[in-house]
Q: 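Here's a structure for you.
It should be emphasised that the depicted structure is a prediction, and the values quoted were computed from it without experimental measurement.
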Amino acid sequence: MEAYHIGGNLPVHDLPEVAQLASISTDCYTRLEQGSLPASARVLAALARALRLDEDQRTYLYGLAGKDTARPRRRTARCVRPPWQRMLDQLSESPTLAPGRYMDVLAWNALAAALITDFSAVPESQRNHVLLAFLDPAVRNLFDDWESTARTCVAFLRMEAAQSPTDSRLAALAGEVSVRDADFRQWWASHDVANKTSGTKLLHHPVADPAHPPTRP
């Protein structure tokens with residue numbers, strides 16, 4: 001188990017306090033942080049309770065330690081079959097995307113392309129929510145609360161990184177955005193994590209919402 005930091009919203013404890021709360025020795029906790037002592041599932045559960053980790057942070061902790069949580073990971077498709085694309089095309093009143101692992105954009109309907117960007121004009125290797133949100137000024141300017149959206153993207157990727165620490169595709173994606181964007185570098189280093197869930201985002205489209213034109217650099 002490597003040394004780790006879990007999201008910035010956790011209560012701060014010093015080393016002896018954490019060890020006491022988890023009912024383990026200070027020496028044991030120190031060696032766990034240094035990576036010189038493997039962590040058992042029992043110890044991880046005790047640490048999760050002591051640190052008051054939420055479900056996403058607990059999953060991240062177990063991933064760092066190379067342990068599975070109770071929920072098995074599902075394999076994620078890397079392409080969309082024709083019947084699914086036809087279904088997307090039939091959703092003519094809702095902008096809809098088919099996301100893949102790493103937040104790749106696998107498929108979309110016409111309204112999604114009109115709302116966000118012409119995905120067909122984006123090279124396949126660049127059709128990714130994180131790349132677009134951080135590196136494409138037009139997409140970046142769509143979001144009313146860009147920072148919240150962007151930080152959530154980073155937290156999703158961090159969770160993937162904990163569950164697949166040797167994934168070269170994920171490492172390349174994080175590396176590319178880190179080199180090109182200072183915000184991503186800062187938030188990636190914070191190790192905040194989250195699982196993908198549903199939510200609501202407010203967009204300011206240059207055509208559909210001309211009263212709120214893009215203002216970010």
Q: Does the side chain of E160 come within less than 4.5 Å of R169's, by heavy atoms?
A: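 They are not in side-chain contact.
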Q: Calculate, to the nearest 0.5 Å, the distance between atoms CE and NE2 belonging to M159 and H191 respectively.
A: 13.0 Å
Q: Taking the side chain as every heavy atom from C-beta outward, state whether W108 and S120 have any atom pair closer than 4.5 Å.
A: yes
Q: Side-chain contact, heavy-atom cut-off 4.5 Å: N141 with H204?
A: no
Q: Provide the closest heavy-atom pair for W188 versus A174 in the form atom of the first, atom of the second, distance.
A: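 It is CZ2-CB, 3.7 Å.
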Q: Could you report the tightest heavy-atom contact between R127 and F119, atom names first, then the distance?
A: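 Distance-wise, the nearest heavy atoms are NE-O, 3.0 Å.
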Q: C153 and M103: which non-hydrogen atoms are nearest, and at how many Å?
A: SG-CE, 3.6 Å
Q: Might you point out which heavy atoms bring V130 and V177 nearest each other, and give the distance in Å?
A: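 Closest approach of V130 to V177: CG1-CG2, 4.2 Å.
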Q: Quick one: are Q126 and L135 in side-chain contact, heavy atoms under 4.5 Å?
A: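 They are not in side-chain contact.
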Q: For N128 and D104, which I'm curious about, is there any donor-acceptor pair between the side chains at under 3.5 Å?
A: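 A donor-acceptor contact under 3.5 Å links the two side chains.
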Q: With side chain to side chain contact (heavy atoms under 4.5 Å, CB included) as the criterion, how do R101 and D167 come out once you've worked through the C-alpha distance, each side chain's angles and the decisive distance to 0.1 Å?
A: CA-CA 12 Å; R101 195 175 179 187; D167 192 313; 3.8 Å; yes
Q: So does S94 get a backbone contact from the side chain of T96, meaning a donor-acceptor N/O pair under 3.5 Å?
A: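 Yes, because the side chain of T96 sits within donor-acceptor range (under 3.5 Å) of the backbone of S94.
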Q: Identify the two heavy atoms, one from L88 and one from A107, that lie closest to each other, and give their separation to 0.1 Å.
A: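 Heavy atoms only, the tightest pair is CD1-CB, 3.6 Å.
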Q: Is a side-chain N or O of D144 found less than 3.5 angstrom from the main chain of L202, in a donor-acceptor match?
A: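 No.
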Q: Kindly work out whether a path of hydrophobic side-chain contacts (I/L/V/M/F/W/Y, heavy atoms less than 4.5 Å apart) joins L111 to M87.
A: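 Not linked; separate clusters.
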Q: Within a strict 4.5 Å, meaning less than it, do heavy atoms of the V154 and F134 side chains meet?
A: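 Yes; the side chains approach each other to less than 4.5 Å.
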Q: In terms of hydrophobic clustering (I, L, V, M, F, W, Y; side-chain heavy atoms under 4.5 Å; direct or indirect links), are L131 and L170 co-clustered?
A: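 Both belong to a single hydrophobic cluster.
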Q: Kindly work out whether a path of hydrophobic side-chain contacts (I/L/V/M/F/W/Y, heavy atoms less than 4.5 Å apart) joins V105 to I116.
A: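 Same cluster: V105 reaches I116 through Ile, Leu, Val, Met, Phe, Trp or Tyr contacts under 4.5 Å.
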Q: Nearest heavy-atom pair of R180 and R185: which atoms, and what distance?
A: N-NH1, 4.5 Å
Q: Side chains of F143 and L203: does their closest heavy-atom pair fall under 4.5 Å?
A: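 Yes, their side chains come closer than 4.5 Å.
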Q: Report yes or no: do L106 and W84 belong to one cluster of Ile/Leu/Val/Met/Phe/Trp/Tyr joined by side chain heavy-atom distances under 4.5 Å?
A: yes
Q: Do the ring planes of W187 and W146 sit parallel (below 30°), tilted (30 to 60°) or perpendicular (above 60°)?
A: tilted
Q: Answer with yes or no whether the hydrophobic clustering places L173 together with V122; edges join I, L, V, M, F, W, Y residues whose side-chain heavy atoms lie under 4.5 Å apart.
A: no
